[in-house]
Number of protein chains: 2
Amino acid sequence: MSTPSIAPAIAPGATIGIIGGGQLGRMIAVAAAQYGLKAHIYCPDPDSPAFDVAARRTIAPYDDAAALQAFAESVDVVTYEFENIPSATAEILAARRPLHPSASALATTQDRLAEKSFVAGLGIPVAPFRAVDDAAGLAEAVREIGLPAVLKTRRFGYDGKGQVMLRREDLGASGFDPAAVMASLRNQPCILEGFVAFESEVSVVAARNAEGGFSAYDPCANEHRHHILARTVVPAPGMTEETAAEATAIARTIADALGYVGVLAVEMFLVRRPDGSAGVVVNEIAPRVHNSGHWTIEGAETSQFAQHVRAICGWPLGSAALAGASVEMLNLIGGEADAWSRILAEPGSHLHLYGKGEARPGRKMGHLTRVRTRA
Amino acid sequence: MSTPSIAPAIAPGATIGIIGGGQLGRMIAVAAAQYGLKAHIYCPDPDSPAFDVAARRTIAPYDDAAALQAFAESVDVVTYEFENIPSATAEILAARRPLHPSASALATTQDRLAEKSFVAGLGIPVAPFRAVDDAAGLAEAVREIGLPAVLKTRRFGYDGKGQVMLRREDLGASGFDPAAVMASLRNQPCILEGFVAFESEVSVVAARNAEGGFSAYDPCANEHRHHILARTVVPAPGMTEETAAEATAIARTIADALGYVGVLAVEMFLVRRPDGSAGVVVNEIAPRVHNSGHWTIEGAETSQFAQHVRAICGWPLGSAALAGASVEMLNLIGGEADAWSRILAEPGSHLHLYGKGEARPGRKMGHLTRVRTRA
């Protein structure tokens with residue numbers, strides 16, 4: 001079989017360029033180092049945690065064309081740790097070096113409306129949604145979808161930022177003021193999504209390489225607090241093998257349709273259908289390694305970070321098999337990381353701290369993983 | 001219990017100074033990063049593999065007092081990846097920051113004669129040995145110990161460098177020329193060690209912290225090729241629980257007597273005593289993380305690198321329990337690392353490459369670990 005469109009594999013000794021210097025870039029850089037690859041991190045923040053484990057660093061804004069060019073020319077392949085990269089930035093990089101995941105995967109997944117339309121177009125269940133560009137559009141969308149519903153900015157939202165929950169009971173005596181709601185999101189282009197009555201939140205973290213190879217970790221259950229991931233458990237409690245297979249098949253359909261290269265996470269709601277059967281509804285796609293995959297460092301044969309490196313280098317994907325009977329990952333948010341010495345002393349607990357300076361409320365400072373072995 | 005002599009624990013965010021920039025320093029730096037610590041690597045070689053994963057680097061000779069001072073003052077604790085550090089260097093560092101393992105542990109273990117005398121003084125079996133300072137001394141030592149025997153330089157030997165095997169059958173018709181043998185080792189101070197007829201070579205990798213806490217990995221069996229470690233297997237085949245316990249107790253006696261802080265490796269010979277029972281004879285002590293402990297990265301609850309970081313930071317030691325049924329580690333020497341893509345595709349194999357430039361013969365380029373899980 002000839003595969004002329006696939007770039008040759010990258011060899012150890014090469015340099016991976018990573019856009020973004022947070023904990024995800026940091027853990028990708030460490031995984032790359034295990035394979036004898038160097039990391040070059042590009043981030044505007046001089047205190048980026050990923051700089052501490054990288055062979056090279058560029059401190060420059062994400063729209064600095066000259067810095068981006070020099071960065072691209074110094075590396076062999078480019079990836080990123082977050083999806084809110086300006087399309088012009090992606091184009092500058094992709095014109096010079098292989099960019100994985102691709103600029104088109106990025107364009108689809110960094111806009112909630114494009115993403116929802118894309119997923120729905122694949123015949124995959126999503127929440128009902130409508131584009132909302134202004135107050136009049138919001139009023140109409142609410143009439144069509146009903147309440148409760150969630151209004152989200154189309155771009156640049158994360159960890160619950162850039163969204164407003166609209167509940168009938170919150171609207172008060174004066175009723176619903178679409179203009180005020182739109183103003184609270186600074187009148188940005190939005191999407192209104194019907195509220196999904198879910199039983200739990202799950203995600204499928206998976207990798208696809210350029211040859212179409214696909215490897216998914218077991219679906220995991222995610223618990224959020226204040227819109228921030230607090231805990232991940234795998235296997236996902238209450239999820240049947242059948243539903244897990246359905247969720248994994250959905251992730252593969254999405255990855256294939258995007259021509260995706262790298263690790264992605266598909267966040268889903270586990271729901272009860274009207275006929276009583278279990279099903280999943282896709283909530284969103286993260287075109288990158290994902291917080292709900294951190295458990296894979298100790299809990300799977302190949303970590304999501306190593307898997308991402310394998311995928312973007314054109315290497316065979318590793319085994320995604322669970323390394324124990326079950327795994328639990330707890331995020332350490334803000335001051336929770338102060339318990340580090342207690343966690344260190346806890347048998348079977350693996351502590352990860354990201355080397356961030358200030359433990360601000362809501363800031364992800366680290367995580368811990370507990371692997372329960374087979375009895 | 002008051003422990004006034006013990007320094008306060010080092011907190012995440014602190015910087016570990018590492019003398020030496022090879023693969024051991026590199027893997028210590030990665031382990032430190034997991035705990036939110038920064039690494040500052042000191043090494044004269046600008047191409048040091050450890051630089052690629054370190055927050056800071058100093059490129060300077062090991063006898064540059066000013067550079068050593070500035071380095072020490074920039075870090076919170078100092079450790080090293082190899083024992084051939086000049087004592088003046090250790091003193092400069094120890095005068096400014098906690099140095100673990102200590103300068104005295106270093107002095108004992110970097111001189112084969114001091115080390116052998118120290119171990120023998122603890123009542124632990126070692127090969128018969130004599131100090132050899134010149135040709136006359138060599139002739140006398142050979143008369144006393146007999147042949148075969150191994151003549152080794154007292155200092156700066158590793159991987160079989162700086163030693164000569166003396167066998168009766170190699171001496172030839174002209175007999176034994178002590179002056180020529182001494183000249184082949186550049187007339188350095190030496191030690192003659194009686195040859196031990198061993199069944200296999202084993203090592204105990206263990207950690208001790210300042211409070212006297214001790215944690216040893218299961219003894220492992222080591223196979224050498226051309227004096228370089230080729231393969232480590234754990235549990236050590238043919239080693240009874242009783243002998244393993246004896247070997248571990250020896251390592252603890254040595255660590256306690258040295259007041260040791262950090263990970264050390266005690267290399268031993270597994271022997272058959274005249275009465276037919278099994279026993280161990282100590283060969284040498286490495287005051288550092290050790291190649292025969294690389295399997296612990298995937299094969300133990302806590303890697304030797306994480307354990308070393310815990311020990312030198314004054315943290316509780318982690319579990320040294322085996323993570324599977326058995327583990328095998330294979331070094332990738334020179335061109336063996338060219339098989340990286342085949343190893344990547346091998347299920348259950350964990351590939352590690354050190355990011356070294358040229359794959360010279362005999363150079364350790366990486367290793368791979370296979371963990372066999374319980375059936």
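Below, read A as the first sequence line, B as the second, and so on, with proteins coming before strands; counting in each chain starts at 1. Remember, it's a predicted structure, so these values are computed and weren't measured experimentally. Only heavy atoms go into these numbers, but all of them, side chains included; no hydrogens, no water, no symmetry mates.
Nearest heavy-atom pair across B/Asp52 and A/Lys38 is OD2-NZ, 2.8 Å.
Enclosure of atom CD in A/Glu73 by more than 12 non-hydrogen atoms of other residues, nucleotides or ligands within 6.0 angstrom is indicated.
Comparing B/Gly13, B/Ala54, B/Ala32 by how many heavy-atom pairs each has under 4.5 Å with chain A, the most go to B/Ala54. Per-residue counts of heavy-atom pairs under 4.5 Å with chain A were compared for B/Leu353, B/Leu317, B/Leu37; the largest is that of B/Leu353. With chain B as partner, the option from A/Ala345, A/Ala33, A/Gly357, A/Gly355 having the largest number of non-hydrogen pairs under 4.5 angstrom is A/Ala33.
Taking NE2 of A/His350 as the start and CD of B/Gln34 as the end, the distance is 8.5 Å to the nearest 0.5 Å. Expressed to the nearest 0.5 Å, how far CD of B/Glu301 lies from OG of A/Ser349 amounts to 10.0 Å.
With a 4.5 Å cut-off on non-hydrogen atoms, A/Ala29 does not touch chain B at all. For a residue to count as touching a neighbouring chain, one of its non-hydrogen atoms must lie under 4.5 Å from one of that chain's; by this rule A/Arg56 does not touch chain B. Of the atoms belonging to B/Ala11, heavy atoms from both backbone and side chain fall under 4.5 Å from chain A. Only the side chain of A/Glu298 comes within contact range of chain B, judged by heavy atoms closer than 4.5 Å.
Listed in order of number, the residues of residues 327-344 of chain A that approach chain B to under 4.5 Å between heavy atoms are A/Trp340, A/Ser341, A/Leu344.
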